[in-house]
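For reference, the structure is listed below as structure tokens.
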Amino acid sequence: MLYYLFEYLDKTMDVPGTGVFQYITFRSALALILSLMISTIYGKKIINFLRNQQVGETVRELGLQGQNEKAGTPTMGGLIIIIATLIPVILLTKLNNIYIILLIVTTLWMGTIGFIDDYIKIFKKDKQGLKGIFKVIGQVGLGLIVGSVLYFHPGVTVREKAVTTVNQTENVISQTPIEHKSTTTTIPFTKNNELDYAKFIEWTGEGYENWAWLIFIPIVIFIITAVSNGANLTDGIDGLAAGTSAISVLALGIFTFVSGNVILSGYLNIMYIPNSGEMTVFISAFVGALIGFLWYNSFPASVFMGDTGSLTIGGIIAVLAISVRKEMLLPVLCAIFFAENLSVIMQVSYFKYTKKRFGEGKRIFLMSPLHHHYQKKGYHESKIVTRFWIVAILLAIVSIVTLKLR
């Protein structure tokens with residue numbers, strides 16, 4: 001909204017200084033500051049409101065040190081992240097940008113699913129919350145929307161190398177960039193690092209490109225479901241999900257900025273994605289909201305994000321990565337999410353297998369998800385969180401290096 005106001009003042013009235021709003025870097029910095037202020041200043045008011053409404057965490061007895069002290073801590077703190085993200089985004093971004101629209105829809109969609117889950121747990125006194133099948137249906141629904149929009153919307157394109165044309169009459173050489181629809185993505189750590197999903201159905205014959213959505217949309221659904229569940233499982237101890245997510249999102253911000261900048265993308269020899277740079281403003285607001293939330297979520301936490309926050313975080317990270325054609329980098333960038341997810345799958349699968357085979361279930365980890373395994377080993381949760389943050393920083397650096405290392 002402010003973007004359009006200052007654009008009007010600049011172009012119509014030529015007011016000095018208003019042109020600065022045209023720069024993504026300026027609006028990103030402003031979004032970061034504004035979201036930090038909202039999450040830290042008004043975060044306390046939201047926490048007090050949640051406490052007055054008796055929106056407290058019900059802690060299951062898992063035999064973890066310091067667990068009982070967390071009982072009654074306000075949850076649904078993901079509302080802080082959502083509010084502190086969306087206000088700067090609405091004020092400072094181009095709201096007609098298809099990527100921004102998708103990210104706003106993702107935030108509200110996943111936030112609603114998480115809110116319903118938390119509501120059932122707290123007010124309906126059902127510790128299981130929203131049934132898993134309904135969560136999956138919600139995630140698949142978002143995947144269908146995101147996948148369909150990214151595939152069919154005319155504003156979602158990539159630009160290939162310019163085509164050179166020679167006008168012999170006027171003796172003029174011109175280069176015309178070509179923007180087109182594409183299901184091409186990026187493969188990290190490889191020299192010819194582009195993969196077209198449509199190639200998977202090339203065997204069907206001529207015109208196979210028209211059916212690429214049969215491959216692309218299911219992949220989008222899988223990624224959104226996997227990453228959102230991974231973020232959900234990571235939210236188990238104070239500051240873990242918010243901190244690791246902020247690091248990963250910051251790395252994605254670098255990718256969106258260079259991919260949406262024709263000069264930088266050309267210099268780095270990476271795919272140029274028109275209009276994707278606008279997502280940098282959203283990312284700045286999101287990072288500011290996560291850091292501001294950490295002010296209250298760091299040990300000992302004054303508030304938990306609940307599924308309202310964790311599902312939203314996972315959904316946003318997935319959509320950002322897919323939009324900037326870096327989804328294949330997620331196993332590296334978000335390796336902590338996947339490790340948490342994998343630890344649960346391994347634990348449950350092995351327990352069921354050994355119980356069926358030997359009559360007694362055995363475990364691989366002392367407890368899953370993975371962070372609880374280290375708690376069981378006697379590590380203080382602050383040490384676990386700090387070390388997970390360090391790993392997340394290393395993973396983010398490795399991911400960023402892929403811009404040049406091929």
Side chains of F282 and I316: does their closest heavy-atom pair fall under 4.5 Å?
-> yes
To the nearest 0.5 Å, what is the distance between CD1 (I113) and CG (L130)?
-> 8.0 Å
Would you give the length of the straight line joining atom CG of L290 to atom CD1 of I247, rounded to the nearest 0.5 angstrom?
-> 10.5 Å
For the residue pair I223 and L330, establish whether any side-chain heavy-atom pair is separated by less than 4.5 Å.
-> yes
Would a 4.5 Å heavy-atom cut-off, applied to side chains only, mark N229 and Q139 as touching?
-> yes
Flag yes if more than 12 heavy atoms outside Y8 fall under 6.0 Å of its OH atom; otherwise flag no.
-> no
Got H371 and I237 here, is their nearest side-chain heavy-atom distance under 4.5 Å?
-> yes
Under the 3.5 angstrom rule, does the side chain of S228 hit a backbone N or O of G315 as a donor-acceptor pair?
-> no
Any side-chain heavy atom of L2 sitting closer than 4.5 Å to one from R27?
-> no
Do the side-chain N and O atoms of Y119 and D307 include a donor-acceptor pair separated by under 3.5 angstrom?
-> no
Does the side chain of E194 come under 3.5 Å of the side chain of T184 through a donor N or O and an acceptor N or O?
-> no
Could you tell me whether a side-chain N or O of S248 sits under 3.5 Å from a main-chain N or O of T244, the two making a donor and an acceptor?
-> yes
May I ask you to check whether T280 and T256 show a side-chain donor-acceptor distance below 3.5 Å?
-> yes
How many angstroms lie between CE in M76 and CG in D117, if you round to the nearest 0.5 Å?
-> 9.0 Å
Say whether, by atom type as modelled, one donor and one acceptor occur between the side chain of K94 and the main chain of Y3 under 3.5 angstrom.
-> no
Kindly indicate whether the side chain of P88, heavy atoms from C-beta on, has any atom under 4.5 Å from the side chain of L30.
-> no
Drop me the distance from L405's CG to S399's OG, to the nearest 0.5 angstrom.
-> 11.5 Å
Does OH belonging to Y23 count more than 12 external heavy atoms closer than 6.0 Å?
-> no
Steps toward side-chain contact (heavy atoms from CB on, under 4.5 Å) verdict (S259, I270) = CA-CA 7 Å; S259 296; I270 63 174; 4.0 Å; yes
side-chain contact (heavy atoms from CB on, under 4.5 Å) evaluation trace for S323 with L150 | CA-CA 7 Å; S323 299; L150 290 178; 4.2 Å; yes
Going by the angle between their ring planes, with limits at 30° and 60°, are F216 and Y197 parallel, tilted or perpendicular?
-> tilted
N/O donor-acceptor pair under 3.5 Å between Q347 side chain and F365 backbone = yes
Return yes when atom CZ of F134 has more than 12 non-hydrogen atoms of other residues, nucleotides or ligands closer than 6.0 Å, and no otherwise.
-> no
Exceeds 12 heavy-atom contacts within 6.0 angstrom, atom CZ of F49 | no
Residues T354 and E360: side-chain donor-acceptor under 3.5 angstrom = no
For side-chain contact (heavy atoms from CB on, under 4.5 Å), just list the numbers for L195 and F200, CA-CA rounded to whole Å, side-chain angles, deciding distance to a tenth of an Å, and then say yes or no.
-> CA-CA 10 Å; L195 170 70; F200 288 115; 4.2 Å; yes
Does some side-chain heavy atom of S35 sit less than 4.5 Å from a side-chain heavy atom of M37?
-> no
Nearest heavy-atom pair of G292 and S39: which atoms, and what distance?
-> CA-OG, 3.1 Å
Between CZ on residue F338 and CG on residue L370, distance to nearest 0.5 Å = 15.0 Å
Hey, is the main chain of I345 close enough, under 3.5 Å, to the side chain of Y350 for a donor-acceptor pair?
-> no
Please say whether the positively charged group of K376, taken as NZ for Lys or CZ for Arg, lies over the ring of Y374, i.e. under 6.0 angstrom from the six-membered ring centre and within 45 degrees of the axis.
-> no
Please tell me if the side chains of K135 and N232 come closer than 4.5 Å, counting only heavy atoms from C-beta onward.
-> yes
Determine, using ring centers only, whether F299 and H380 are less than 6.0 Å apart.
-> yes
Apply the test side-chain contact (heavy atoms from CB on, under 4.5 Å) to residues W203 and Y208: give CA-CA distance (whole Å), side-chain angles for both, the deciding distance (0.1 Å), then the verdict.
-> CA-CA 8 Å; W203 55 272; Y208 68 90; over 6 Å; no
Closest heavy-atom pair and its distance - V146, T106 = CG2-OG1, 4.2 Å
